[in-house]
Amino acid sequence: MDIYWPHFGTAEASGGGSSPQNLYFPSDNIAAAEAAAVNSIARIDRSEYYQGTSNYMDFLIAQYQDPTTMAMELGLTACEGCGGNAGKNRNLQLAYYLRNSRWIFGFPTFANPLGIYFNPFKGAEAAFGDIGMMLVGAERDLGGVFILAGNEAGYLYGYDELAGGVSTDGSIGGEIGRIDIYGIAAEKFESDFLRGKYFKGWTSVGEGISGGVGVAVSFPKVGNISITLVATSFQLGFGGTPFIIPVSGGYNHGNFNLWK
């Protein structure tokens with residue numbers, strides 16, 4: 001019976017010397033990824049790991065200030081780093097792309113056949129989208145928020161909103177937008193900051209099909225630190241206003257309920 005052994009220091013090996021990457025791998029990229037993983041494991045204090053976490057990937061993520069950077073350095077794929085919870089899929093590479101890329105790929109149009117657009121999420125701490133209805137200021141939405149920064153980068157959570165206020169129109173539609181944090185470092189962003197009360201204002205143009213922009217702010221407490229969250233969104237829907245000029249706007253305040 002033939003026994004296959006890894007090759008060291010041969011033409012088939014990736015690199016020279018006695019480092020882990022000298023093992024035989026199908027490609028240099030795989031060799032580099034395996035070497036990075038081996039070197040990371042070798043530097044770990046095992047007692048600290050086993051006492052503090054239930055999953056090695058969680059421990060490794062905790063060693064990085066920015067998990068989205070780790071995604072690129074270690075080449076993580078969509079379902080890695082799930083914290084041992086099969087019900088939560090994590091996509092660190094997508095989070096890194098949305099937070100750092102200048103451009104984003106979308107649907108081709110007649111005016112833009114390549115479908116390459118300026119990235120509206122660059123530098124944001126989270127991206128969100130929802131659908132719902134609004135009538136003279138009262139609003140009800142269901143949606144999802146994708147975390148782009150902090151230790152929860154790459155996670156997608158659902159949410160619902162219920163608000164009351166005043167406006168000059170009514171509509172059914174959706175919105176997509178970004179969330180930015182002020183007063184605290186981006187790597188300290190937590191999804192729980194999104195919970196609670198918010199204040200929102202918007203303006204829209206159109207009768208029948210309308211489009212507009214909205215800005216919502218909230219002021220979560222983080223110990224003794226005062227921080228501000230700003231959610232900026234683009235809105236598109238079906239609705240109308242009783243005024244001759246189809247320009248409308250409104251203001252409301254409500255509660256953001258995060259599903260985790």
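Hydrophobic cluster membership of Leu135, counting Ile, Leu, Val, Met, Phe, Trp and Tyr whose side-chain heavy atoms lie under 4.5 Å apart directly or via other members: Val136. Leu162 shares a hydrophobic cluster with no other residue; no ILVMFWY side chain has heavy atoms under 4.5 Å from its own. Through side-chain heavy atoms spaced under 4.5 Å, either directly or across other Ile, Leu, Val, Met, Phe, Trp or Tyr residues, Phe110 is tied to no other residue. Applying the 4.5 Å side-chain rule to ILVMFWY residues, one finds that Val166 remains a lone member of its cluster.
Screening residues 208-223 for salt bridge (Lys or Arg N to Asp or Glu O under 4.0 Å), with sequence neighbours left out, gives no hits. Within the structure, the salt bridge (Lys or Arg N to Asp or Glu O under 4.0 Å) test picks out no pair touching residues 230-240 (sequence neighbours left out). Pairs engaging residues 142-151 under the salt bridge (Lys or Arg N to Asp or Glu O under 4.0 Å) rule: none recorded [sequence neighbours left out].
Grouping the Ile, Leu, Val, Met, Phe, Trp and Tyr side chains by contacts below 4.5 angstrom, directly or via other members, places Val215 with Tyr182. No continuous path of hydrophobic side-chain contacts links Ile172 to Val213 [ILVMFWY only; heavy atoms under 4.5 Å]. There is a path of hydrophobic side-chain contacts, each under 4.5 Å, that joins Ile225 to Phe193. Linking Ile, Leu, Val, Met, Phe, Trp and Tyr residues whenever their side-chain heavy atoms come within less than 4.5 Å leaves Met134 and Val205 in two separate clusters. Follow the hydrophobic side-chain contacts under 4.5 Å out from Val222 and you never reach Phe219; the two are in separate clusters.
Between Gly137 and Ser167 the shortest heavy-atom distance is N-OG, 2.8 Å. Between Pro113 and Pro108, the shortest heavy-atom contact is O-CB, 3.2 Å. Between Gly154 and Ala95, the shortest heavy-atom distance links the atoms N-CB, 3.8 Å.
Here the side chains of Ile104 and Tyr97 are in contact, with some heavy-atom distance below 4.5 Å. The closest side-chain heavy-atom distance from Trp202 to Asn252 is below 4.5 Å. You'll find the side chain of Val145 stays beyond 4.5 Å of the side chain of Leu156, heavy atoms only.
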Checking side-chain contact (heavy atoms from CB on, under 4.5 Å) for the pair Phe189/Leu194: CA distance, chi angles, key distance, verdict?
-> CA-CA 10 Å; Phe189 179 79; Leu194 302 172; 4.2 Å; yes
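Asn112 contributes a side-chain N or O that, together with a main-chain N or O of Ile116, makes up a donor-acceptor pair within less than 3.5 Å. Judged by distance alone, the side chain of Ser218 and the main-chain N or O of Tyr198 form no donor-acceptor pair under 3.5 Å. Of the possible polar contacts, one joining the Glu152 side chain to the Ser191 backbone as a donor-acceptor pair under 3.5 Å is found.
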Run the side-chain donor-acceptor check on residues 226-239: report pairs under 3.5 Å with partners two or more places apart or on a different chain.
from, atom 1, to, atom 2, distance (Å)
Ser233, OG, Glu175, OE1, 2.8
Gln235, NE2, Glu175, OE1, 3.3

Run the side-chain donor-acceptor check on residues 118-133: report pairs under 3.5 Å with partners two or more places apart or on a different chain.
from, atom 1, to, atom 2, distance (Å)
Asn119, OD1, Phe121, N, 3.0
Asn119, ND2, Leu98, O, 2.8
Asn119, ND2, Ser101, O, 2.7
Lys122, NZ, Asn100, O, 3.0
Glu125, OE1, Ile181, N, 2.8
Glu125, OE2, Arg99, NH1, 3.0
Asp130, OD2, Tyr159, OH, 2.7

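Note: Tyr155 OH to Leu148 CG = 14.5 Å, rounded to the nearest 0.5 Å. Note: Tyr117 OH to Phe107 CZ = 9.0 Å, rounded to the nearest 0.5 Å.
The side-chain hydrogen bond (donor to acceptor under 3.5 Å, both in side chains) test applied to Asn257 returns Asp160, not counting sequence neighbours. Legend: residues meeting salt bridge (charged side-chain N to carboxylate O under 4.0 Å, His left out) with Glu139, ordered by chain and number and at least two apart, are Lys200. The side-chain contact (heavy atoms from CB on, under 4.5 Å) test applied to Ser204 returns Asp169, Ser248, not counting sequence neighbours.
No more than 12 heavy atoms of other residues, nucleotides or ligands lie within 6.0 Å of CD1 in Ile209, so this atom counts as exposed by the packing criterion.
In this pair, His253 and Tyr251 present their aromatic rings tilted. The plane angle is within the 30 to 60° band.
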